[in-house]
Amino acid sequence: MKFSHPEADIFVPGGVLAAEAALARTTHLCIAAHQDDIEIMAYHGIAECFGRADKAFSGVVVTNGAGSSRAGVYAHYTDADMQAVRRREQRKAAFVGDYAVQLQLAHPSSAVKDAGSATVQGDLAAILAACSPQVVYLHQPADKHDTHIAVLAHSLKALRALPADKRPKKVLGCEVWRDLDWLCDADKHLLDVGAYPNVAASLVGVFDSQISGGKRYDLATAGRRLANATYAVAHSTDQYQGVSWAIDLTPLVQDPKLSVRDFTQRFIDRFQNDVAERLAKFF
Ligand SMILES: [Zn+2]
């Protein structure tokens, strides 16, 4: 298995299978922009497959981790040092989470944000040709990070290019840079992320370069999952120990002609109407 960038990294945590065989086992796949995005957005898939012989989670990180903030022991690190640290941290997470395979494609952000990038498209097409996941976790279309949206666009393009019978049954847009609590309840896809809280904490915790750099992603991610679980339903006790919200993007893959902009706008319109209708009852 070979990818377009010379720094691309392939890691099979078990070490027994070749990358191709590990990828072929994949039932749950996440395609994310940066190191640590997978562990924040797709813990549901990781937990679904954890310790199971019949299910396997694999992760794809598209960018190279360049330009990361650095502080503390990392303050004097060069950009190349930092990319190496982030690559190693992603491998640690893959080991802790028992992933089938971790792929880090090492593309610079600038290349990823080029909508026509043939190298990014080629890599994603090769990955999807080599596995048949039932569930795919992507960035959600209302995320506020340009690189996340760019990776979503490349991912959807690659999924839409698959023959209809090879497309995954479920494609979900997940929370990182902007949560999905604002969706109307009927539009929310609930992901129960309460299993193995010790593993969940470790998965975000291994990204020390980010956390020591001054961003408590570990606490914030756990806090968001708890808040989602408690604020999910007003009139009953908590049913879940942790919840992540997702948007069901499957219609965008089933119908390659469906406009991503129109599809997303409809969720926003329903949110707007929900607020306006409630206010109209009292004002
Ligand atoms: Zn990210």
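The first residue of the sequence shown is numbered 1, and numbering continues consecutively from there. These numbers come from the heavy atoms of this one structure, side chains and all, not from hydrogens, waters or symmetry mates.
In this structure, the separation between CG on Asp143 and OG1 on Thr264 is 11.5 Å, given to the nearest 0.5 Å. The CG atom of Leu152 sits 12.5 Å away from the OG1 atom of Thr147 when rounded to the nearest 0.5 Å. Atom OG of Ser202 is separated from atom CG of Asp218 by 10.5 Å, given to the nearest 0.5 angstrom. The CH2 atom of Trp245 sits 4.5 Å away from atom CG of Leu190, with the distance rounded to the nearest 0.5 Å. Note that CG of Leu226 is 15.0 Å distant from OH of Tyr240, once rounded to the nearest 0.5 Å. Note that CG of Leu183 is 5.0 Å distant from CD1 of Ile247, once rounded to the nearest 0.5 Å.
Salt bridge status for Arg167 with Asp165: absent, with no side-chain N to carboxylate O gap under 4.0 Å. Under 4.0 Å is where a charged nitrogen must lie from a carboxylate oxygen, and between Asp81 and Arg70 no such pair does. A salt bridge links Asp54 with Arg52: the distance from a Lys NZ or Arg NE/NH1/NH2 to an Asp or Glu carboxylate oxygen falls below 4.0 Å. Salt bridge present: Asp274 and Arg278 bring a charged side-chain N and a carboxylate O closer than 4.0 Å.
Listed here is the closest heavy atom pair of Val60 and Ile38: N-CD1, 3.7 Å. Here the closest heavy-atom approach between residue Val85 and residue Ser209 is recorded as CG1-CB, 3.8 Å. Residue Cys131 comes nearest to Leu29 through the heavy atom pair SG-CD2, 4.3 Å, listed as atom of the first residue, atom of the second, then distance. Scanning both residues, Leu138 and Leu156, for their nearest heavy atoms gives CD1-CD2, 4.0 Å. Minimum interatomic distance between Asp79 and Ala66 (heavy atoms only, all atoms of both residues): OD2-CB, 3.3 Å. Smallest separation of non-hydrogen atoms from Ala22 and Val101: CB-CB, 4.0 Å.
For Lys166, the side-chain contact (heavy atoms from CB on, under 4.5 Å) partners two or more places apart in sequence, or in a different chain, are Ser132, Leu162, Pro163. In this structure, the side-chain contact (heavy atoms from CB on, under 4.5 Å) partners of Ser117, at least two apart in sequence or on a different chain, are Asp114, Thr119, Val120, His154.
Placement of Leu105 and Val61 in two distinct hydrophobic clusters is found when ILVMFWY residues are connected by side-chain heavy-atom separations under 4.5 Å, directly or transitively. When the side chains of ILVMFWY residues are joined at heavy-atom separations under 4.5 Å, either directly or via intervening members, Leu191 and Val253 end up in two distinct hydrophobic clusters. Taken together through direct or relayed side-chain contacts under 4.5 Å among Ile, Leu, Val, Met, Phe, Trp and Tyr, Val199 and Leu219 form parts of separate hydrophobic clusters. In the hydrophobic cluster analysis, where Ile, Leu, Val, Met, Phe, Trp and Tyr join through side-chain heavy atoms closer than 4.5 angstrom, Phe263 is grouped together with Val151. Grouping the Ile, Leu, Val, Met, Phe, Trp and Tyr side chains by contacts below 4.5 angstrom, directly or via other members, places Leu159 apart from Tyr137.
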Give the intermediate values and the outcome of salt bridge (charged side-chain N to carboxylate O under 4.0 Å, His left out) for residues Asp185 and Lys188.
CA-CA 5 Å; Asp185 281 357; Lys188 284 174 169 154; 3.1 Å; yes

Run the side-chain contact (heavy atoms from CB on, under 4.5 Å) test on His139 and His145 for me, step by step, so that the C-alpha distance in whole Å, both residues' side-chain angles and the decisive distance to 0.1 Å come before the verdict.
CA-CA 10 Å; His139 288 293; His145 196 308; over 6 Å; no

After noting the C-alpha distance and the side-chain angles of Phe3 and Ile10, does the key distance pass the side-chain contact (heavy atoms from CB on, under 4.5 Å) rule?
CA-CA 9 Å; Phe3 297 109; Ile10 300 170; 3.8 Å; yes

Please determine whether salt bridge (charged side-chain N to carboxylate O under 4.0 Å, His left out) holds for the pair Asp208 and Arg88, giving the CA-CA distance in whole Å, both sets of side-chain angles, and the decisive distance to 0.1 Å.
CA-CA 11 Å; Asp208 181 65; Arg88 206 157 56 238; over 6 Å; no

Working note: Asp123 + Leu103, criterion side-chain contact (heavy atoms from CB on, under 4.5 Å); need CA distance, chi angles, decisive distance, verdict.
CA-CA 10 Å; Asp123 286 351; Leu103 305 171; over 6 Å; no

Run Ile268 and Gln265 through side-chain contact (heavy atoms from CB on, under 4.5 Å) and show every step you take.
CA-CA 5 Å; Ile268 297 168; Gln265 188 63 47; 4.0 Å; yes

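Looking only at distances, a side-chain donor or acceptor of Glu175 sits under 3.5 Å from a matching main-chain atom of Leu180. Looking only at distances, a side-chain donor or acceptor of Thr63 sits under 3.5 Å from a matching main-chain atom of Ala33. The backbone N or O of Ala195 lies less than 3.5 Å from a partner atom in the side chain of Tyr43, making a donor-acceptor pair.
Pairs passing the ring-ring contact (aromatic ring centres under 6.0 Å, His included) check and including a residue from residues 75-121, sequence neighbours excluded, read Phe57-Tyr99, Tyr74-Tyr77. The side chain to side chain donor-acceptor pair (under 3.5 Å) contacts involving residues 10-33 comprise Thr26-Ser58, where partners must be two or more places apart or lie in separate chains. Within the structure, salt bridge (Lys or Arg N to Asp or Glu O under 4.0 Å) pairs that include any residue of residues 33-47 comprise Asp36-Arg86 (at least two apart or interchain).
Side-chain contact check for Cys49 versus Asp98: every heavy-atom pair is 4.5 Å or farther apart. Using a 4.5 Å heavy-atom threshold, the side chains of Gln140 and Leu249 count as separate. Residues Ser212 and Val73 form no side-chain contact, since every pair of their non-hydrogen atoms from C-beta on lies 4.5 Å or further apart. Looking at Gln83 and Glu7, their side chains never come closer than 4.5 Å, going by heavy atoms from C-beta outward. Residues Val135 and Pro168 fail the side-chain proximity criterion, which asks for heavy atoms closer than 4.5 Å.
The hydrophobic cluster containing Tyr217 also includes Ile40, Met41, Val176, Trp177, Val204, under a criterion of side-chain heavy atoms closer than 4.5 Å among ILVMFWY residues, counted directly or through chains of members.
The only member of Gln102, His34, Gln104 that meets side-chain hydrogen bond (donor to acceptor under 3.5 Å, both in side chains) when paired with Gln90 is Gln102.
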